[in-house]
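Here the structure is laid out as structure tokens; the discussion comes afterwards.
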Amino acid sequence: QGQPHASREFSEGKYIGDGNPGPYGGGTYSGNGGEHHATLEQYEEVFGPAARDIKQDMQRSKRHQRWHLPDALQGVNHFLTDRIDGLITDATNSPFTTTILPYKYVENPDAKIKWNVWSFDEGMASRVPYESAARVLTQSKRAFSAYTVRQGLAIAMEHNFMASPAGMENFRNQVKQMVGSIQYTNDLDVHMALIQAPSYARTMAEKYHSQNRTPQQLVRQYVDLFGIVQKNPNAMDLLIEEAKAQMRDWGSQEPNFLLCNGKLTLQLTMSPEKTSYVTQGIDGVKRLRAGPDIPSYRGVNIVKSRAFSMETNMPPRDVLRRRVRVAEYYWIPYEDGVRDRSYQFYDEGRDSWVTFSWEQLREFSRHHEPPAPEAAPAEQGGGGGGGGGGSGAVL
């Protein structure tokens, strides 16, 4: 107290009575005082070459809550940007941004992105009279536009971290943390882009094949395909080859990847039918030892989906995994002696068989229906009904 402002300097960092920790944080920074003071060369190793010499801060003896970079390094830093971009595009090797949707350099990311989709329909030639007008082939064009989405992350660096090995190690870990976070976000964007993409198969079905099948046939097809991998051991082979044949009919290129849940590859390689020595021989033992990781299957790259933490205080969730409840019903026609019978049903919750009488089933079937009038008993209608079933979860 009572000293002029010019004389408030200290030869080394330390705590003093007036609470001023000095220019080096009182020895609390990774690089503190004297020989550990950051030099211009150490700054250049991290942030690139400076355009001019770093000037000494004339207010270095004042208290600071937040230290900023020197004036020579403030502003846009292309040196550090190129290195962060290189770590993301060259070092991550994520299948989502290399095989499925690779990175593409955009000169002006803030500009509007436009693209056109041309469709040239092929048709059969028909017989026409001599020198008469022929049928004109149709073509269509659709225009689309979109904008890039700007997302951001930030890190807080310790003051003069480049002046000590501990500070540099912490900075390297922070850079890896940022690179992993950016790749984590991009992987989620790839998942959402594939899920929300328009279905060309649905468009073709609505345009040409909607009248060929009845609603009952469509529901039957959905039921047959539900959980087909658990129903048929060769289901994946059939689905992949059928998808390839369908894409060839559309004039598309051969598919080069299959995005699926990790449980699917487990079903393909670790099921008892595929690993049993009795049926598969030594190949089954090798398949069991190799585990569920398979890089490709039937010429298609296998890419496993990731789990993402998208809700607070909730575990990471795989966007391709969906919980489904399955139920079934039974119809029992009314006939003579049906009231004296009992029926057994498999209860998946108890993993055992349960027995119900016809009267109990009749009450179960009327649980959500208004009571029938007394003047019209069920046996006079020519039939009776009953229902029962179980529920379970299918992965």
Within 6.0 Å of CD in Gln217, more than 12 heavy atoms from elsewhere: yes
Quick one: are Phe345 and Leu361 in side-chain contact, heavy atoms under 4.5 Å? yes
Between Val319 and Val303, is there a shared hydrophobic cluster once you connect ILVMFWY residues whose side-chain heavy atoms come closer than 4.5 Å? yes
Going by heavy atoms in the side chains, are Ile294 and Thr269 under 4.5 Å from each other? yes
Do the ring planes of Phe364 and Phe356 sit parallel (below 30°), tilted (30 to 60°) or perpendicular (above 60°)? perpendicular
Taking atom CD of Glu254 as the centre, does the number of heavy atoms from other residues, nucleotides or ligands within less than 6.0 Å exceed 12? yes
Do side-chain atoms of Thr203 reach the backbone of Ser199 as a donor and acceptor pair under 3.5 angstrom? yes
Given the rule that I, L, V, M, F, W and Y join up when any side-chain heavy atoms are under 4.5 Å apart, are Ile302 and Leu259 in one cluster? no
Hey, is Arg321 close enough to Asp318 for a salt bridge, meaning N to O under 4.0 Å? no
Under a 3.5 Å distance rule, please check whether Ser181 uses its side chain to pair with a backbone N or O of Gln177 as donor and acceptor. yes
If you measure from the Lys or Arg side-chain nitrogens to the Asp or Glu carboxylate oxygens, is any gap between Arg298 and Asp237 under 4.0 Å? yes
Hey, are Asp283 and Arg287 close enough for a salt bridge, meaning a charged N less than 4.0 Å from a carboxylate O? no
Are the ring centres of Trp250 and Tyr200 closer than 6.0 Å? yes
Does Gly299 offer a backbone N or O that forms a donor-acceptor pair with the side chain of Ser296 under 3.5 Å? no
Between Asp110 and Arg150, does any NZ, NE, NH1 or NH2 come within less than 4.0 Å of an OD or OE carboxylate oxygen? yes
Please verify the inter-ring angle class for Trp118 with Phe120; under 30° counts as parallel, over 60° as perpendicular, anything in between as tilted. parallel
Spell out, yes or no, whether Met247 and Ile100 are grouped together once hydrophobic residues are joined by side-chain heavy atoms under 4.5 Å, including indirect joins. no
Using only atom types and a distance under 3.5 Å, with no angle test, would you say the side chain of Ser132 pairs donor to acceptor with the backbone of Val128? no
Indicate if Leu188 and Leu101 have the same hydrophobic cluster label, given that clusters are the connected sets of ILVMFWY residues with side-chain heavy-atom separations under 4.5 angstrom. yes
Ring centre gap for Phe171 and Phe161 strictly below 6.0 Å: yes
Between Arg341 and Glu359, does at least one N-O distance fall below 4.0 Å, as a salt bridge requires? no
Could you tell me whether the side chain of Gln360 and the main chain of Ser357 form a donor-acceptor pair under 3.5 Å? yes
For the side chain of Arg135 and the backbone of Met124, is there at least one donor-acceptor N/O pair under 3.5 Å apart? yes
Look only at the side chain of Asp351 and the backbone of Asp347, and say whether a donor-acceptor pair between them is shorter than 3.5 Å. no
Ignoring hydrogens and geometry, is there a side-chain-to-backbone donor-acceptor pair from Asn261 to Leu320 under 3.5 Å? no
Ser145 side-chain N/O to Ile113 backbone N/O, donor-acceptor pair under 3.5 Å: no
Look at the side chain of Lys112 and the backbone N and O of Thr148, then say whether any donor-acceptor pair between them is shorter than 3.5 Å. no
Val229-Leu258 co-clustered via ILVMFWY side chain contacts under 4.5 Å: yes
Please say whether more than 12 non-hydrogen atoms of neighbouring residues, nucleotides or ligands are located less than 6.0 Å from OH in Tyr184. yes
Given side chain to side chain donor-acceptor pair (under 3.5 Å), test Asp187 with Gln183 step by step and report yes or no. CA-CA 6 Å; Asp187 292 346; Gln183 186 63 50; 2.8 Å; yes
